[in-house]
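The structure appears below as structure tokens.
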Amino acid sequence: MQLTLRLAHLYPDHMNVYGDRGNIIALRQRCQRRHIVLEVIPVNPGDTVDWQTTDLAFFGGGQDSGQALIASDLIERQGPGLRAAIAADLVVLAICGGYQLLGHYFLTHTGERLPGLGVLDVYTIAGKRRMIGNIVIEVDLGKGPWQLVGFENHSGRTFHGPGVQPLGRVLVGYGDNGQDRKGGAIYRNTFGCYLHGALLPKNPQLTDHLIELALRRRYGTQVELAPLPAERELTAQRVMVQRLLSRR
Ligand code: GLN
């Protein structure tokens, strides 16, 4: 049986900073090497999406100006279908500006209140200081703890409500708000965080976790994700984590 997954890439022209598109390349590579077809559907303002046949969505980071341009399309056009799909365990990865827009709102430094989709119980307020640098988050996706590595660059400070689980605990860097060591948020199969880098090429464990969740949702729990080595990526990840932890 040919396994196929469909991924909606939300607003690729407006929301793609710091190589966030690399996340899609990593997903495609790790699918292809397992003979899984990954169809990528770019979603631009005005487009219609069949969310019921969509398995994954990726929403990258963007400037405040890019976020302002797409916020109303996200909420008004995609909102109903996307919210329902998320409630039905669509697999979503949202980075930085995309993460902010899945929350309740983003209050920018000019005082503009950008409404979000409200699927993640978080809200974001722009701070005066940008939070920039390498970041390490300790996560456990069900197979034991490990360290996720990435690069953050945001002024927005994101605060969590009780409706989300933190993706992990910040060991190095600022994380969501620079205060409570929360790094990213999870709700059902939706993952949001501030890690650029791009995130997935640096963290194959997360790439595989997302593919596995999408496969099981589409094809049932009897479908196993074939093991696939990632020696170089894991070596690079280990070196980077050790380097950053030793500088604390
Ligand atoms: N504009 C948002 C902020 O600075 C998001 C930036 C980003 O996506 N890198 O908080």
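First listed ligand is number 1; within each ligand, the first listed atom is number 1.
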(request) Check ligand 1 against G156 and write out every atom of the ligand that is under 4.0 Å from a heavy-atom position of the residue. (result) 3 (C), 10 (O)

(message) A quick test of your reading: do over 12 heavy atoms of other residues, nucleotides or ligands sit less than 6.0 Å from CD of Q52?
(response) no

(message) Pairing donors with acceptors under 3.5 angstrom, does anything connect the side chains of N153 and R130?
(response) yes

(message) So is Y18 touching ligand 1 or not, going by heavy atoms under 4.0 Å?
(response) yes

(message) Checking a contact table here: which protein heavy atom is nearest atom 5 (C) of ligand 1, and how many Å away?
(response) G62 O, 3.3 Å

(message) I'd like to check whether Q100 has a polar contact with ligand 1, where a contact means an N/O of the residue lying under 3.5 Å from an N/O of the ligand.
(response) yes

(request) Compute the ring centroids of Y123 and H104, then answer whether they are less than 6.0 Å apart. (result) no

(request) Identify, for atom 9 (N) of ligand 1, the protein heavy atom at the shortest distance, and state residue, atom and that distance. (result) C96 SG, 3.0 Å

(message) I'd like to check which ligand 1 atoms, numbered from 1 as shown, lie under 4.0 Å from a non-hydrogen atom of G61.
(response) 8 (O)

(request) State whether the shortest distance between N or O atoms of V17 and N or O atoms of ligand 1 falls below 3.5 angstrom. (result) no

(message) I'd like to know whether ligand 1 has M15 as a neighbour, heavy-atom separation below 4.0 Å.
(response) no

(message) If the condition is side chain to side chain donor-acceptor pair (under 3.5 Å), which residues does N16 pass it with, not counting sequence neighbours?
(response) none

(message) Under a 3.5 Å distance rule, please check whether R6 uses its side chain to pair with a backbone N or O of I41 as donor and acceptor.
(response) no

(request) Using a strict 4.0 Å cut-off to heavy atoms of R130, name the atoms of ligand 1 that fall inside it. (result) 4 (O)

(request) Examine the proximity of ligand 1 to T108 and report which part, side chain or backbone, both or neither, has a heavy atom under 4.0 Å away. (result) neither

(message) Surrounding CD of E112 (heavy atoms of other residues, nucleotides or ligands, distance under 6.0 Å), is the total greater than 12?
(response) yes

(message) Would H154 count as a polar contact of ligand 1, with the cut-off being nitrogen or oxygen pairs under 3.5 Å?
(response) no

(request) Give the intermediate values and the outcome of ring pair (Phe, Tyr, Trp, His ring centres under 6.0 Å) for residues H196 and F151. (result) CA-CA 5 Å; H196 301 285; F151 176 81; 7.2 Å; no

(request) Considering only non-hydrogen protein atoms, determine which one is nearest to atom 1 (N) of ligand 1 and report residue, atom name and distance to 0.1 Å. (result) D64 OD1, 2.3 Å

(message) Going by salt bridge (charged side-chain N to carboxylate O under 4.0 Å, His left out), name the residues that satisfy it together with E224, two or more places apart in sequence or in a different chain.
(response) R216

(message) Give me the residue, atom name and distance of the protein heavy atom closest to atom 3 (C) of ligand 1.
(response) S155 N, 3.5 Å

(message) Is there a polar contact, in the sense of an N or O pair closer than 3.5 Å, between Y194 and ligand 1?
(response) no

(message) Counting the benzene-type ring for Trp, do H154 and Y194 have ring centres under 6.0 Å apart?
(response) yes

